[in-house]
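The structure appears below as structure tokens.
Atoms within each ligand, like the ligands themselves, are counted from 1 in listed order.
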Amino acid sequence: MIYLDNSATTKPYPEVLHVYQQVSERFFGNPSSLHQIGIDASRLLNETRKQILHCTGFKQYEIIFTSGATEANNIAIKGAALAKMNRGKHIVTTEIEHPSVTESFEQLRTLFGFDISYIPVDEQGHIDMTHLKEILRPDTVLVSIMHVNNETGAIQPIEAAAAIIREYAKNALFHVDAVQGLGKVTMNQQTDIDLLTMSGHKIHGLKGTGALFLKKGTVLAPLITGGGQEFGLRSGTENPAGAVSLAKAVKQSFEHLEQHHHEMLAMKTELQKQLVDIEGVVMNTPLKQSAPHIVNISVPGIQIEVLLHMLEEKGIFVSTTSACSAKKKEPSRVLLAMGKSEEVAKSSLRISLTYGQGPELIPHIITSIARSVKKLKGMR
Ligand code: PMP
């Protein structure tokens, strides 16, 4: 099996599974309980926060554990906008965000009357910085820009965007969906970001684990109220085993970040080079400023699901678009935003790598894609 759908999810590290079980057995207490078993669980949870901050280098932040990035994006975006709405109701995001961001923005518009501006992207899928400058206003209260796009792998200029936001929108909080970049692409931890989202299962952690990094002092309106856990921002009994398993995945990813980055980049670069030589293949992932683990191609004129299943028969697992949109069978919003034709946008295939997948796999991947494309084109 050659699993090339690592942007949808990754296989948990054995250490992650092991630690989850250990903590579930040994620290089963409710962290809110006053007795020693509860205190031990609470201490462990707080130590785990510190460990994640230490490993990632985001030392000036608090951590709120969540069930994943969808929840963290919702808490961050709606929580920030609602906390700031007395200062203004203008919010800004890009045309290529994950649905958990886009839908949160849409809900703020329909339920609370927020005014949304969308930052366009160029043909490489990178945001247009001049446009960002032009749309920011004194009443802008939130800007959300993803770090790495989950479909194309395009890396957004987060540091430059932060500087522009601070200059042109002094009242705005800056949120970054860092799901696809964290642990794979380095980010300057000194960048002036207020809220940052991550997910465990994209870095060989467990599904149902994730976190929101919140710069100390940032105020959010809580969406999930109740017992006041997680600094009052995410009520509900905490999941110490999930948190520790997340810390384990973070540690593993960050300890080997450079080595993994080089490994994946070498493989991705070679794949990109060979894929464009296949007749009928269009490359959607930019050669520059793109993550080391994502290659997105289109094969206009064929039914892309058929290609996906032909590859599956050869033991190669890829996806047609992002996992969250795959079942909708609509053309990719991200590719349309890049100015690609409808035909290109509805025939895209995403190959997403992880660490330890060596270059010896390349000939089989390329031959399988080339043969299948040729066959499908011939049948047409
Ligand atoms: N943002 C991005 C960029 C993603 O790729 C994903 C996962 N598809 C999410 C958010 C949502 O993450 P989760 O599955 O943890 O809810």
(request) Before signing off on this row, confirm whether Asp177 and ligand 1 have an N or O atom pair separated by under 3.5 Å. (result) yes
(message) Would you say CD of Glu106 has more than 12 non-hydrogen atoms from neighbouring residues, nucleotides or ligands within 6.0 angstrom?
(response) yes
(request) Specify the closest pair of heavy atoms between Ser245 and Leu206, including all atoms of both residues, with the distance to one decimal. (result) OG-CD1, 3.6 Å
(request) Inspect the contact between Glu255 and Lys251 and indicate whether a charged nitrogen and a carboxylate oxygen are less than 4.0 angstrom apart. (result) yes
(request) Check ligand 1 against Met146 and write out every atom of the ligand that is under 4.0 Å from a heavy-atom position of the residue. (result) 3 (C)
(message) For ligand 1 and Ser199, I'd like to know whether there is a polar contact (N/O to N/O, distance under 3.5 Å).
(response) yes
(message) For the residue pair Ser117 / His90, report whether a side-chain donor-acceptor contact shorter than 3.5 Å exists.
(response) yes
(request) Answer yes when Lys170 and Asp192 have at least one side-chain N-carboxylate O distance shorter than 4.0 Å, and no when they do not. (result) no
(message) For the 3.5 Å polar cut-off, considering only N or O atoms, please tell me whether Gly68 and ligand 1 meet it.
(response) no
(message) Below 3.5 Å, N or O to N or O, backbone or side chain included: is there any such pair between Lys202 and ligand 1?
(response) yes
(request) Answer yes or no for His201: is there a heavy-atom contact with ligand 1 below 4.0 Å? (result) yes
